[in-house]
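Since the structure comes first, as structure tokens, the remarks are kept for the end.
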Amino acid sequence: MGKWTIGIIGGSGLYRLKGLEHGEWLPVSSPFGEPSDEILFGSLGDVELRFLPRHGRGHRIAPGDINARANIDALKRAGCTDILAVSAIGSLREELEPGHFVAFDQFIDRTHSGPGGREASFFGTGMVAHVPMADPVCPRLAAMAADAVEAAGGTCARGGTCVIIEGPQFSTRAESHMYRQWGGDGVNMTALPEAKLAREAELPYAMLGMVTDYDCWRDNGHDVDVAEIVARLHANSALALATIDRFLAALPAQRAPSPIDTALDGAIMTAPEARDPAMKARLEAILWRIDAG
Ligand SMILES: CSC[C@H]1O[C@H](OP(=O)(O)O)[C@H](O)[C@@H]1O
Ligand SMILES: Nc1ncnc2[nH]cnc12
């Protein structure tokens, strides 16, 4: 059993957290490049908190340019044990109305990862690792996030599949219909590769999607636009902040271990003597537990 240090990644409309005790924005450098912003260090009661706005304060960074490796590495260096990500999402289901929340449990990846774009792994040639992603979300965190939405007076679906598109354009109507046929419940541009990297960093991750719009599958002559999304984000911001407060307040005093804490056990394929030393050095924070053990 140990202490919680919760990393909150704020999406569109969530660039600051109010009410943190001794909250201080501090730079955290990462060998993977620049994180989206400084990290807000603070605490609420007994819980340590680290907050990072995914697009940077002022929403400077486009979805495809977010350096998710630097963000996750910096949160790991900042001591996080778990990550709760909050994101705007488009709804692919009639019953998921704007204003509702979804604690997703599955993702479908439609992003284009690779050099110069979204780097989707800390590992690669020189040190090869394959972590399990069958269940990309920590069920314990997701359930607590859904409880927190309800405690704050909101509505939250428990489970659902989010399709992560490359963006920055919204989907075509044909794509939106296809995502529904695939079983998608929501659509977003940012939860991946973030969730994959969190798993490689052995950080349990949950994604709370805030429905800002119906994606364009409805064929009712009203398609998604940014003005509608921003209005919804403003209307929902108090609920999002209250949800985070409730989430933190309801955490058990002690953190029981999660199987995700050891996700790298058995995942690294490269023999110790064949590992690239420079790569190993860059992976210092990700491999802390393994190297310390
Ligand atoms: C403002 S609509 C597009 C924007 O919103 C979604 O998520 P996030 O909250 O992380 O910004 C989507 O992925 C896009 O980044
Ligand atoms: N309709 C949509 N498509 C992709 N990302 C979104 N984020 C919020 N609404 C979205």
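Nothing fancy with the numbering, it's 1 onward along the sequence. Fair warning: this is a prediction, and the values are worked out from it, not measured in the lab. Counting convention: from 1, in listed order, for ligands and their atoms alike.
Below 3.5 Å of separation, one finds no N or O of F170 facing any N or O of ligand 2.
The side chain to side chain donor-acceptor pair (under 3.5 Å) check on K196 picks up D109, with sequence neighbours excluded.
Side chain of R255 to backbone of W4: no donor-acceptor contact under 3.5 angstrom is found. In this structure, the side chain of E200 does not engage the main chain of S121 through any donor-acceptor pair within 3.5 Å. Checking side-chain atoms of R282 against main-chain N and O of S30 turns up no donor-acceptor pair under 3.5 Å. D37 contributes a side-chain N or O that, together with a main-chain N or O of R57, makes up a donor-acceptor pair within less than 3.5 Å.
Residues R60 and D65 are not paired through a salt bridge, judged by the lack of any N-O separation under 4.0 Å between the basic side chain and the carboxylate. Under 4.0 Å is where a charged nitrogen must lie from a carboxylate oxygen, and between E150 and R158 at least one such pair does.
For ligand 1, the protein residues placed under 4.0 Å by at least one non-hydrogen atom are G11, S12, R54, H55, P63, S87, A88, N188, M189, T190, I229.
The distance from ligand 2 to the heavy atoms of I229 drops below 4.0 Å at these ligand atoms: 8 (C), 9 (N). Of all the atoms in ligand 2, the ones that sit under 4.0 Å from a non-hydrogen atom of M189 are 4 (C), 5 (N). Atoms of ligand 2 lying under 4.0 Å from at least one heavy atom of D215, given by number and element, are 1 (N), 2 (C), 3 (N).
In this structure, M269 places its CE atom where only 12 or fewer heavy-atom neighbours from other residues, nucleotides or ligands lie under 6.0 Å away.
The protein heavy-atom contact nearest to atom 10 (C) of ligand 2 is G90 N, 3.4 Å. Taking atom 6 (C) of ligand 2 as the reference point, the nearest protein heavy-atom neighbour is V187 O, 3.6 Å. Of the protein's non-hydrogen atoms, A88 O, 3.4 Å is the one closest to atom 7 (N) of ligand 2.
Side-chain polar atoms of R289 and T262 form no donor-acceptor pair below 3.5 angstrom.
Looking only at side-chain heavy atoms (C-beta outward), V187 and S171 come within less than 4.5 Å of each other.
Under 4.0 angstrom from ligand 2, the non-hydrogen atoms of D213 all belong to its side chain. Of the heavy atoms in T212, only side-chain atoms (C-beta onward) come closer than 4.0 Å to ligand 2.
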